Amino acid sequence: MARIAGVNIPTNKRVVIALQYIHGIGPKIARDICAGAKIPAERRVNELSDAEIIQIRETIDRNHVVEGDLRRSVAMNVKRLMDLGNYRGLRHRRGLPVRGQRTHTNARTRKGPAKAIAGKKK
């Protein structure tokens, strides 16, 4: 079991896929990391040597913000918006959609389950 950036990545998957289990690494960055470490795309995690795992770990530490640091910076950005009191901050504070989506219908992910209204039936 390889441990990179505090995450146990699955051993039987390809390296490009397994790296995506780390928060902050998507398909493009995973391919870039493999290219930078000179690891073929079809290689599996259990076929990697210790030196290659260390090389991947160093590449991620040097060039990318992942896991805890990324979560912390995103949370700080949202908190900053809420403290400023601008429109986006108010939407975050109220738990409503931030990016201009409609709320008359839908938006149930942000608003939570629908609340029943007494006396609505006719």
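Computed from a prediction, not measured in an experiment: that's the story for all the values here.
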Checklist entry - If you take all heavy atoms of I33 and I60, which pair is closest and at what distance? => result CD1-CG1, 3.5 Å

Item to check | Note: R72-D69 ion pair, threshold 4.0 Å (strictly below) | outcome: yes

Report, one line per pair, each donor and acceptor closer than 3.5 Å where one atom sits in a side chain of residues 14-23; sequence neighbours left out.
residue : atom : partner : partner atom : Å
R14     : NE   : A41     : O            : 3.3
Q20     : NE2  : V16     : O            : 3.3

Item to check | ILVMFWY clustering at 4.5 Å (side-chain atoms), partners of L70 | outcome: V65, V74

Checklist entry - Does the pair R43/E52 count as a salt bridge with the N-to-O cut at 4.0 Å? => result yes

Checklist outcome for this item: Which of R93, R88, M76 passes side-chain contact (heavy atoms from CB on, under 4.5 Å) with L81? Answer is R88

Item to check | NZ (K79) with more than 12 external heavy atoms under 6.0 Å | outcome: no

Checklist entry - Rounded to the nearest 0.5 Å, how far does CZ of R110 lie from CZ of R94? => result 12.5 Å

Checklist entry - N12 and R44: side chain to side chain contact (heavy atoms under 4.5 Å, CB included), yes or no, with the steps? => result CA-CA 6 Å; N12 56 344; R44 301 210 174 253; 5.7 Å; no

Checklist entry - Should R91 and T103 be marked as a side chain to side chain contact (heavy atoms under 4.5 Å, CB included) after you check the CA-CA gap, both sets of side-chain angles, and the distance that decides it? => result CA-CA 12 Å; R91 302 299 282 184; T103 57; 3.9 Å; yes

Next on the checklist: For a quick test of reading the model, state the closest non-hydrogen atom pair linking T59 to H64 and the distance between them.
Outcome noted: O-CD2, 4.0 Å

Next on the checklist: One pair to check against side chain to side chain contact (heavy atoms under 4.5 Å, CB included): L48 and I56. What are the steps and the verdict?
Outcome noted: CA-CA 10 Å; L48 292 176; I56 291 172; 4.0 Å; yes

Checklist entry - Under 3.5 Å, is there a donor-acceptor pair between the side chain of R57 and the main chain of R3? => result yes

Checklist entry - So, E42 side chain and P40 main chain: donor-acceptor pair closer than 3.5 Å or not? => result no

Item to check | From NE2 (H92) to CG (N77), nearest 0.5 Å | outcome: 9.5 Å

Item to check | Verdict with reasoning, L90 to N86, per side chain to side chain contact (heavy atoms under 4.5 Å, CB included) | outcome: CA-CA 6 Å; L90 293 176; N86 58 11; over 6 Å; no

Checklist entry - How many angstroms lie between atom CD of Q55 and atom SG of C34, to the nearest 0.5 angstrom? => result 10.5 Å

Item to check | Nearest heavy-atom neighbours spanning I53 and A2 | outcome: CD1-CB, 4.0 Å

